[in-house]
Amino acid sequence: MTTVKTPADEAEARAIQDELRGLVVLDEVGPPPGQGLIAGVDVAYDDERDLVAAAAVVLDAATLEVVAESTAAGSVSFPYVPGLLAFRELPTVLAALEDLPVTPDLVVCDGYGLAHPRGFGLACHLGVVTGLPSMGVAKNPFTFTCEEPGAARGEASPLLAPDGAVVGRALRTQHGIKPVYVSVGHRVSLDNACAHALALSPRFRIPETTRRADSLCRRALREAVDALQ
DNA sequence: GCGACAG
DNA sequence: ATCTTGTCGC
């Protein structure tokens, strides 16, 4: 069983990231786009009632049909701190992932991987603790910058750290629609990660994996709240 | 010191 | 993330 240690404070959380960062594998290209099983994970919160619900949804990459789903609920283990999102999201996400009846070839996270203040975002953390290839698709540029990609679907531009390093890619998944921000997590190349993100977004800006996981974890949260009464 | 800041 | 109805548009 894979778990994420809940740090006592932010300093300990950063120390854990600095330690695990060395375990990220960046020299594999990962599974080819358009085939295999792709999992999407997401989390919903009710901080008021100290409730968290996570969902994992596995799609057939060739058809984007749902192959498997699972959810998990728990209590909030860590506050939202930019740069430390993994400690808030992963405990419940891992529980959901482990409940899946299949092992995905790639996990798509809602957030960043290598594009992170210490080079160890949510997607890297998930990849390292599960051993699975992983990548991140975020909805805004966080602290990074990029040129506006061309308007056509599939156009992209490098996502840059303050020091000029390329940490990901702004990717237009729909013509004329605000891009998403793709970064590598573990055991997948940036080119492949972007190809996956594009293949998973035939109709909407956000990949189907994330959309499915998002609606499922919201449903799971509502059910967890209802179960309280 | 102040502001910015994935979800 | 979350608070939140109707509404504009493909």
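Chain letters run A, B, ... following the sequence lines, proteins first and then strands; every chain starts at 1.
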Rounded to whole Å, the CE-P distance (A/M135 to B/dA6) equals 19 Å
note: A/Q174, atom CD; C/dC10, atom P; distance rounded to Å ~ 15 Å
Among the nucleotides C/dT2, B/dA6, C/dA1, whichever has the atom closest to the side chain of A/F142 is B/dA6
Contacts of A/E89 and A/R203 projected onto DNA chain C by closest heavy atom; the upstream (5') one is A/E89
Review point. Are any of A/Y80's side-chain N or O atoms less than 4.0 Å away from OP1 or OP2 of B/dA6?
Key: yes
Rounded to whole Å, the CG-P distance (A/D110 to C/dT2) equals 11 Å
A/L159 CG to B/dC5 P, in whole Å, measures 14 Å
**Prompt:** Any Lys/Arg nitrogen of A/D42 or A/R218 sitting under 4.0 Å from an Asp/Glu carboxylate oxygen of the other?
**Reply:** no
When rounded to whole Å, the CG to P distance for the pair A/L90 and B/dA6 reads 17 Å
*How is A/G83 classified with respect to the nucleic acid when contacts are heavy atoms under 4.0 Å: base, sugar-phosphate, or nothing?*
base
Side-chain atoms of A/L85 come closest, of B/dC5, B/dG7, C/dT2, to B/dG7
**Study point:** Presence of A/R218 side-chain N/O under 4.0 Å of C/dA1 phosphate oxygens OP1/OP2
**Key:** yes
- Task: Under 4.0 Å between any heavy atoms, over every strand shown, what does A/L84 touch: base, sugar-phosphate, or nothing? Just pick one.
- Result: base
Report yes if at least one side-chain N or O of A/K139 is closer than 4.0 Å to OP1 or OP2 of B/dG7; otherwise report no.
yes
* Asked: Do the charged groups of A/E223 and A/R219 touch, with an N to O distance under 4.0 Å?
  -> no
Taken to the nearest whole Å, CG/A/D50 to P/C/dT2 is 15 Å
Looking at A/H116 and A/G83, would you say the former's side chain and the latter's main chain have a donor-acceptor pair under 3.5 Å? yes
Closest to the side chain of A/N140, out of B/dC5, C/dA1, B/dA6, is B/dA6
query = Would A/L159 and A/V180 show up in the same hydrophobic cluster when neighbours are defined by side-chain heavy atoms closer than 4.5 Å?
reply = no
task: Flag as yes if A/Y181 stacks onto the base of B/dA6 (centroids under 5.5 Å, planes under 30°), otherwise no.
output: no
From CG of A/D214 across to P of B/dA6 the rounded distance in Å is 17 Å
Q: Could you tell me whether A/D42 contacts a base, only the sugar-phosphate backbone, or nothing, with contacts defined as non-hydrogen atoms closer than 4.0 Å?
A: sugar-phosphate
One thing to verify: whether A/D214 and A/R211 come together as a salt bridge, which I'm taking to mean a side-chain N less than 4.0 angstrom from a carboxylate O. no
To the nearest angstrom, the CG-C1' distance between A/D47 and C/dA1 comes to 8 Å
Give one of base, sugar-phosphate or nothing for A/A44, where a contact means two heavy atoms less than 4.0 Å apart.
sugar-phosphate
